[in-house]
Asks: 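Quick one: this structure, given as structure tokens, is what I'll be asking you about.
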Amino acid sequence: MHLKWVIPVNIIFFPEPELTIEDFEFEFEKKKVRIFLKDYVKKSEAEAFGYTYSMTSIEKIGISVSDIEGKNRNPISEWIQDKDELIKKILKISNLFLKHLRVVACAPEIREISLKDSQLIPSLKALEVKYSDDLENWLEFDVNALHIYIAGGLQQIVWSITGTAIVNDYYWKLFVDSLINNSIPHMEMEFIVNCKEQLERKNYRLAVIEIAIGFEIVFSGFCHDYFILKKGMKEKQLKDFLTPQFDLSTRLNGIPDMIFTPSELQKLDITSIKRMVGWRNKLVHQKPDILDNQSPDDIKKTIDKAINAIYFLINKRTALLSEA
């Protein structure tokens with residue numbers, strides 16, 4: 001049995017001189033999931049500053065799910081009989097795609113579909129849900145006979161269309177690979193995306209808080225693995241060393257000099273990181289208007305330094321774990 005539906009998005013690829021948008025597939029919870037993109041790719045031209053340039057965009061994404069022979073526990077035929085289960089599965093798979101797109105492809109404009117109790121929209125009709133036994137003859141659900149809805153789902157997706165996602169071709173490839181390889185996005189990546197979203201809204205206070213959380217997660221994780229794998233410390237020793245009283249600001253005053261080379265310290269730009277962490281601490285504990293005296297450009301530059309430091313630490317931690 002096979003199931004398919006579409007979700008509306010608005011993605012523009014940049015830069016895209018040789019980018020080829022291909023369909024792809026992956027396995028998820030013992031089902032084959034296919035993502036259809038080629039039929040929805042739109043090529044167009046636009047003018048700006050006296051130049052004409054080509055543009056690649058996608059306005060819809062097709063998704064199909066099929067049973068895998070020998071892995072037919074909870075087959076799609078059972079989903080179709082239980083419309084509540086069907087909606088849950090459609091949401092779960094759609095949101096898997098959307099979350100990876102938001103986090104891995106750094107597209108803060110993308111939203112997951114949520115299930116609420118207000119503003120009800122007939123979901124099967126809105127998402128063009130169909131089913132088939134042979135991948136050729138597709139049947140539509142009789143939505144008039146159903147009382148199953150996605151609450152606010154389509155409206156949330158349409159909302160994301162108004163905020164067009166500009167996706168870098170490099171991050172798009174990372175996104176596709178992450179789904180094919182069933183990779184779980186790094187938690188700190190989500191904080192980067194949340195931070196960028198708040199920057200676009202000019203909510204600098206939340207942007208600083210989000211990026212500080214992301215940095216603390218990746219810095220703590222790297223320090224843990226470094227002292228365990230490189231220095232041979234035991235978990236209890238490390239716990240006694242990195243006590244809660246040894247907070248992030250204090251750790252930044254000593255640990256980086258212990259474990260990074262001068263060139264690596266320059267890449268990290270610890271001075272900017274300390275500044276960002278200081279802002280966060282004052283925002284949360286002492287002075288919520290601390291950013292009022294900072295220019296937006298200074299805030300953005302400091303946050304960019306923190307984002308670069310997060311990527312640097314992710315790569316260092318990945319290399320460290322690979323060596324181990």
Side-chain angles (χ1 to χ4, degrees), residues 26 96 99-108 168-196 207-281 301-324:
F26 58 94
L96 173 75
K99 181 170 184 176
H100 275 70
L101 182 59
R102 174 182 167 85
V103 175
V104 181
C106 295
N168 181 290
D169 54 358
Y170 170 76
Y171 287 114
W172 176 261
K173 292 169 185 173
L174 289 181
F175 152 70
V176 172
D177 288 342
S178 73
L179 281 175
I180 292 175
N181 297 321
N182 290 311
S183 302
I184 299 174
H186 291 285
M187 184 188 302
E188 52 270 21
M189 295 290 291
E190 192 159 353
F191 287 102
I192 290 176
V193 175
N194 292 343
C195 170
K196 290 183 175 181
V208 167
I209 291 172
E210 291 280 359
I211 203 61
I213 295 172
F215 177 82
E216 187 162 10
I217 289 172
V218 71
F219 184 68
S220 298
F222 175 80
C223 289
H224 173 276
D225 292 340
Y226 177 86
F227 286 114
I228 294 290
L229 299 174
K230 281 287 189 180
K231 297 301 181 182
M233 292 182 72
K234 304 296 182 183
E235 287 285 352
K236 187 178 185 309
Q237 289 176 301
L238 188 59
K239 188 176 180 181
D240 292 339
F241 175 51
L242 300 178
T243 64
Q245 289 73 30
F246 195 22
D247 63 11
L248 181 58
S249 296
T250 307
R251 294 177 188 186
L252 287 172
N253 284 325
I255 291 179
D257 291 327
M258 295 169 55
I259 61 181
F260 296 118
T261 65
S263 63
E264 289 174 333
L265 287 171
Q266 190 173 3
K267 289 179 182 178
L268 272 174
D269 194 345
I270 294 297
T271 301
S272 293
I273 300 301
K274 289 179 180 178
R275 188 184 189 201
M276 177 271 297
V277 173
W279 286 346
R280 189 278 305 269
N281 292 343
K301 286 178 182 177
T302 302
I303 285 176
D304 282 341
K305 295 287 188 180
I307 291 173
N308 290 337
I310 289 174
Y311 284 124
F312 172 78
L313 289 170
I314 288 174
N315 291 333
K316 287 288 290 183
R317 189 181 186 190
T318 301
L320 182 64
L321 294 172
S322 297
E323 290 174 11

Asks: Supply the atom-to-atom distance Ile184 CD1 to Met187 CE, rounded to the nearest 0.5 angstrom.
Replies: 10.0 Å
Asks: What's the separation between atom SG in Cys223 and atom CD1 in Ile259, rounded to the nearest 0.5 Å?
Replies: 4.5 Å
Asks: For Ser249 and Asn281, which I'm curious about, is there any donor-acceptor pair between the side chains at under 3.5 Å?
Replies: yes
Asks: Measure the CD1-CD distance between Ile270 and Glu264 for me, rounded to the nearest 0.5 Å.
Replies: 11.0 Å
Asks: Is any side-chain heavy atom of Leu101 closer than 4.5 Å to a side-chain heavy atom of Trp172?
Replies: yes
Asks: So, Lys267 versus Asn308: side-chain donor-acceptor pair below 3.5 Å or not?
Replies: no
Asks: I'd like to know if Asp169 and Lys173 make a salt bridge, using a cut-off of under 4.0 Å between side-chain N and carboxylate O.
Replies: no
Asks: Counting C-beta onward and ignoring hydrogens, is there a side-chain heavy-atom pair between Asn194 and Arg102 closer than 4.5 Å?
Replies: yes
Asks: His186 versus Val103: any side-chain heavy-atom pair under 4.5 Å?
Replies: no
Asks: Got Leu313 and Leu268 here, is their nearest side-chain heavy-atom distance under 4.5 Å?
Replies: yes
Asks: Once rounded to the nearest 0.5 Å, what's the spacing between atom CD1 of Ile255 and atom CZ of Phe219?
Replies: 5.0 Å
Asks: Can you tell if the side chain of His100 reaches within under 4.5 Å of the side chain of Pro185, non-hydrogen atoms only?
Replies: yes
Asks: Assess whether side-chain contact (heavy atoms from CB on, under 4.5 Å) is satisfied between Leu96 and Phe26, documenting all intermediate values.
Replies: CA-CA 12 Å; Leu96 173 75; Phe26 58 94; 3.7 Å; yes
Asks: Measuring from atom OG of Ser322 to atom CZ of Arg317, what distance do you get when rounded to the nearest 0.5 angstrom?
Replies: 12.0 Å
Asks: Looking at CG of Asp225 and CG of Leu321, how far apart are the two atoms once the value is rounded to the nearest 0.5 Å?
Replies: 5.0 Å
Asks: Within the 4.5 Å heavy-atom criterion, are Ile314 and Met189 side-chain neighbours or not?
Replies: yes
Asks: Among side-chain atoms of Asn253 and Thr250, is any donor-acceptor pair under 3.5 angstrom?
Replies: no
Asks: With ring-ring contact (aromatic ring centres under 6.0 Å, His included) as the test, would you mind laying out the steps for Phe222 and Phe260 before giving the verdict?
Replies: CA-CA 12 Å; Phe222 175 80; Phe260 296 118; 5.4 Å; yes
Asks: Run the numbers on Tyr311 and Ile192 for side-chain contact (heavy atoms from CB on, under 4.5 Å), then give the verdict.
Replies: CA-CA 10 Å; Tyr311 284 124; Ile192 290 176; 4.1 Å; yes
Asks: With a 4.5 Å limit on heavy-atom distance, are the side chains of Ile307 and Phe215 in contact?
Replies: no
Asks: Between Gln237 (side chain) and Lys234 (backbone), is there a donor-acceptor pair under 3.5 Å?
Replies: yes
Asks: Using the six-membered ring wherever Trp is involved, compare the ring planes of Phe241 and Phe227 and label them parallel, tilted or perpendicular (cut-offs 30° and 60°).
Replies: perpendicular
Asks: Quickly, which of Arg275, Lys274, Lys301, Lys305 forms a salt bridge (charged side-chain N to carboxylate O under 4.0 Å, His left out) with Asp269? Name it, please.
Replies: Lys305
Asks: Mind running side-chain contact (heavy atoms from CB on, under 4.5 Å) on Lys196 and Glu210 for me, showing each step along the way?
Replies: CA-CA 9 Å; Lys196 290 183 175 181; Glu210 291 280 359; over 6 Å; no
Asks: Do Leu174 and Tyr170 have side chains that approach each other closer than 4.5 Å (heavy atoms only, starting at C-beta)?
Replies: yes
